[in-house]
Chemist: 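Take a look at the following structure, please.
Order of the sequence lines sets the chain letters (A, B, ...), proteins ahead of strands, with each chain counted from 1.
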Amino acid sequence: MTQIYPSLAQCAVVAAAFKILLFPAYKSTDFEVHRNWLAITNSLPLWEWYYEKTSEWTLDYPPLFAYFEWILSQVAKLVDPSMLRVYNLGYDSWETVYFQRATVILTELVLVFALQMFIDSSHGASKRAAQAAAISILLSPGLLIIDHIHFQYNGCMYGILIASLVLARKKSTLLLSGLVFAALLCMKHIYLYLAPAYFVFLLRTYCLSPKSIFKIQFLNCVKLGAGIVAIFGTAFGPFALKGQIPQILSRLFPFSRGLCHAYWAPNVWAIYSFVDRFLIALAPRIGLAVKAGALQSVTRGLVGDTSFAVLPDITPRVCFALTLLFQTIPLLKLFFQPTWDNFVGAVTLCGYASFLFGWHVHEKAILLVIIPFSLIALKDRRYFGAFRPLAVAGHVSLFPLLFTPAEFPIKTIYTIFWLVLFLTAFDRLAPASSRPRFFLFDRFSTLYIAVSIPLILYCSLVHGIVFGKSYEFLPLMFTSSYSAIGVVGSWVGFMVVYFAS
Amino acid sequence: MAGSSPSPHKPRRKAKRAGNGTELSQILEGSISPEPQVRSPSFPLAAFLWPARGSVSQWEILPLILMAVGLFRWAAGLWGYSGFQKPPMFGDYEAQRHWMEITTNLPVSQWYFHDLEWWGLDYPPLTAYHSWLCGKIGSLIDPAWFALSTSRGLHDPTLKIFMRGTVVVSEYLIYIPAAVVFVRRFSRLAGVSSWTASVALVAILMQPATILIDHVHFQYNTVMLGFVLATMSSMLAGRYMWSAVYFVAALGFKQMALYYAFPVFAYLLGSCLVPRINFPRLFGISLVTAVSFAILITPLVLGTLSDVKRGIDPRPDLKGSRPPLPLFQGLADYIATDTFYYPVVEQLVQMIHRVFPFARGLFEDKVANFWCALNVVFKLKQYPSELLQRGALLATLATIIPPNLILLFRPRKLLLPLAFATTAWGFFLFSYQVHEKSVLLPLMPMTLLLAGSKGLGKETRAWVGFANILGCWTMFPLLQRVDLRVPYVVLTLLWAYLLGLPPTSLSAYFQEGSSLWSQWTTVLIHGPFYLAMALWHVLELFLRPPPDKPDLWVVANVGIGAVGFAICYLWCLGRLVVESEILPRSWFAKKGKAKKQ
């Protein structure tokens, strides 16, 4: 078979060169968070990892990630031992920066490997599309902004997720797929949002007989169960022996935080907040009661404060119920038609539901939707039609993460470059659907993409010139409301496509 | 872009048809072989543009190319600049910032006189006007950036972003449109497909030396290089008067453009003499050149006159009688100091004095040219500077006359990059007062060969790559002084990788379809240099030079670089001789072989 160019490895080399050039770029507090974790895992005994609180950035990832940090710290010791002192808060010598940034680039090799698996698992006409999709994930502006500028290790973990998704493609590796996902859960618990899809898919294809849902494949259940127990045992076992599980859970699930994160993630609650703001002005005229307390609060939407002035307040319970409801709907279809495409679709929709209705969602979580969706976005033109607004909205919504002027050209030009390159490439590659397209939906998405240009201009330039430093929340609110419309729109579109195909 | 090609449609179509026609006839006659139908890309950069072959319009990928190369430029700019936190004098960055400070704050007549000890203005007027414009815009954002005197050595991070922005914007307004247009015209003339031309364009725009010097170390060389590119590109289009205008602009921006003055002159003159003498054209070109120079100095002249009228002294710090002219003191016998135009003469003489520092030494710091390398073996300082100046002049003339004579008698468009490169190498190797960064001047036209016929073929790619990587390597000591190892390594290796060059790949040397003999001679010439560069980096990193020879590594760098550049000069000259077909055919095969080694 002829090779398709450019190859994934070639893209990875050039991307790595660009990422190394970004070493001196802005880094968020997450950089310090991870440095602190290196210090904690290296200098303290296991039993104190989840109790240590010298820094406000306590360890709040599951144990496998802590072990991962411990391994990194063994190398860090050779680079600059000072970064491993717990009391050395805010330490960022150039060795520390080089080391931590380099680990992000190196651990991203997992993603490259997983994407190569994905390309190799596709055959025939779809291979070219698979390669394009793989490169789009590798070069994703989301990963660039979040991992290589803002600082996190998502590339590595999404690599594990993609590996697990690809393993689910073949019957012989289903078990492995489940176990890899279990390991991923022990690294970062945000992937719990995707777990229902895995549960239903593995239950149906691995634990139940393909012929009848009433026949249970006992041996498979035992293998899967034992494997999962072994993985969770390795991760949590040492802590369970000391009775630290409640402490770990309180670190992992801090329910005291507010509905919306400091910046509003572009989800349903952002629209809800926007409407609430709007109603404050309108309420007196139409005779609605405005809660006085909520008006005073300056930190609206910030941690621990979720009061709305006009609309009813939202409790975690409501969020949870809505999330579960919208996860269940696609899972029903997955249960009855457990194909791989449906599985990835269901994973994507689980990501959507949790992102749109979840409690205290961070805008970074949009990758939970974009990345699985990329794997199937080129299935046909209707999938691609639903993907387009998401690609625009999801990445634009990450812009507020970087607010320093030096990184402004990078985030905007890189994102525009990516959008132009991949949306046109995908447009050529996506095969026509066998079913008619939704005329209105296509128009909606084109219009939507067009609006992004004045929006970015306003938020980055015009607002600063007109209002200066005042009304700083306005660009944020516009960005997240705009993005929220795109995400919700693409969600609705994809739901329809998912059920219609 | 739009400005440089106001009517993009019709002429392009016409040119294409003509180009294809000549190409076809040449193929039929057997003078050039058609581009071989390749099945797979032979180096990574071609792989990246692989999906864009055939159906995709080249205008669709141009915006993507411009965005991608822009991203690399901006990301490289996040690193430090020359002189960052290096008091007392700081570096090139401070020089450029300081010029914005003085041009925006002082009356025109004081620009070339103001406190010459602190980065006094020593570039021609267009740089001064450019600084004025940038300074005016910057002062709107933050007046403190360019406040007179108090802003010296300022290292505000936002100012850095602004300054980086001015470099990028200047480059995107001048160098990049010129490069795009040049590559289109040149590749069409050479019968190269537009896809191949796009690959060459990326290779040219990703050239590591220019990015490292302009966007990392900090300078505005691309403005000058862009005007030179526009000069060449106008020559390709047959717009000789425009080329004169652009070249005056290049000279007016940076005197270093003089490296190219001979080939510009030779080509323009040649085009008026060959095939038949064309007086109107000669007259037109001379007139336009004179008018352009006049326009160039007009703001300076008018500013001086108005300052005189307002009673502003160009040198308020000087008391007593007017000092004599710094140069051409004989002029004082003809011009009385009290005439109304004396201040203008004084101003222009001072400008020339600042721009051409005849009083400085043979070479500055350590530069990989002939004199500095010779100095290692045998101390040149013992000779009187008059003798050295004369020696440098003779050696330079000896190296630049052959290529320019060829261009004069064979003013062919396809020879332009070679003639420019050969002359610039001659200047770089033998002239007086050369700086490490001057290597950008020969590298630019030499890199343009990539867009020519068989430009991305094995041989040209190997040689252009060799010159560029050697060029970057000789600038390493300069970059390393301001902790720019990482961008140096990344950008150089990236370019080498994209073009399939050592140290990342040997594919440019071993490919099927060319004679084993010529392959091995190239390998035997380049191989030792690449090995020496690699070894040098290892030594420089791990070993301290002996205490009695603290400059050992730099000196080794200079020596190796000078020899390598001399070989590049010979290669360019050899190719120029072969391609100009100036020697009789019988000789030609022999000569060609001899030069290829």
Chemist: Looking at S7(A), is its backbone amide N or carbonyl O close enough to the side chain of Q10(A) to form a donor-acceptor pair, meaning the two atoms are under 3.5 Å apart?
Modeler: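 Present.
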Chemist: Name the region of L494(B), side chain, backbone, both or neither, that has any atom closer than 4.5 Å to a heavy atom of chain A.
Modeler: side chain
Chemist: Using a strict 4.0 Å threshold on nitrogen-to-oxygen distance, state whether K27(A) and E32(A) make a salt bridge.
Modeler: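 Looking at K27(A) and E32(A), the cut-off is not met.
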Chemist: Does the salt bridge (Lys or Arg N to Asp or Glu O under 4.0 Å) test come out yes or no for E171(B) and R164(B), once each step is laid out?
Modeler: CA-CA 11 Å; E171(B) 180 172 356; R164(B) 295 284 196 211; over 6 Å; no
Chemist: Is there any residue in residues 145-156 of chain A with a non-hydrogen atom under 4.5 Å from a non-hydrogen atom of chain B, and which ones are they?
Modeler: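 Interface residues of residues 145-156 of chain A: none, nothing closer than 4.5 Å to chain B.
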Chemist: Which one wins on heavy-atom pair count under 4.5 Å against chain B: V14(A), V420(A), L22(A), L421(A)?
Modeler: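 Max contact count across the listed options: V14(A).
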Chemist: Using non-hydrogen atoms and a 4.5 Å limit, figure out which bit of L78(B) sits close to chain A: side chain, backbone, both or neither.
Modeler: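 Contact with chain A: backbone and side chain both.
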Chemist: Does any backbone or side-chain atom of L493(B) lie under 4.5 Å from a heavy atom of chain A? Answer side chain, backbone, both or neither.
Modeler: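 Neither part.
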Chemist: Which answer fits L49(B), side chain, backbone, both or neither, if we ask what part of it has an atom under 4.5 Å from a heavy atom of chain A?
Modeler: neither
Chemist: What closest approach, in Å, do A496(B) and I469(B) show between heavy atoms, and which atom pair accounts for it?
Modeler: CB-CD1, 3.7 Å
Chemist: Looking at E108(A) and R101(A), is there a salt bridge between them, counting it only when a charged N and a carboxylate O are closer than 4.0 Å?
Modeler: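 A salt bridge is absent here (no side-chain N lies under 4.0 Å from a carboxylate O).
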Chemist: Would you indicate whether the side-chain heavy atoms of M100(B) and I137(B) approach each other to under 4.5 Å?
Modeler: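 Counting from C-beta outward, I137(B) and M100(B) never come under 4.5 Å.
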Chemist: With sequence neighbours left out, which residue pairs that include part of residues 485-503 of chain B fulfil the salt bridge (Lys or Arg N to Asp or Glu O under 4.0 Å) condition?
Modeler: R485(B)-E540(B)
Chemist: Evaluate side-chain hydrogen bond (donor to acceptor under 3.5 Å, both in side chains) for H395(A) paired with Y414(A), printing each intermediate quantity in order.
Modeler: CA-CA 10 Å; H395(A) 292 126; Y414(A) 190 87; over 6 Å; no
Chemist: Check each atom of Y497(B) against the heavy atoms of chain A and say whether the ones under 4.5 Å are side chain, backbone, both or neither.
Modeler: side chain
Chemist: If you count heavy-atom pairs under 4.5 Å between each of L64(B), L491(B), V489(B), T158(B) and chain A, which one has the most?
Modeler: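 So the answer, after comparing L64(B), L491(B), V489(B), T158(B), is L64(B).
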Chemist: Output yes when R73(B) and D214(B) qualify as a salt bridge under the 4.0 Å nitrogen-oxygen rule, no when they do not.
Modeler: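 Salt bridge flag = no for D214(B) with R73(B).
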Chemist: I need the residue from T424(A), I20(A), T404(A), I413(A) with the largest number of non-hydrogen atom pairs under 4.5 Å to chain B.
Modeler: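 The candidate making the most pairs under 4.5 Å is I413(A).
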Chemist: Look at the side chain of Y172(B) and the backbone N and O of G70(B), then say whether any donor-acceptor pair between them is shorter than 3.5 Å.
Modeler: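 At least one qualifying donor-acceptor pair exists.
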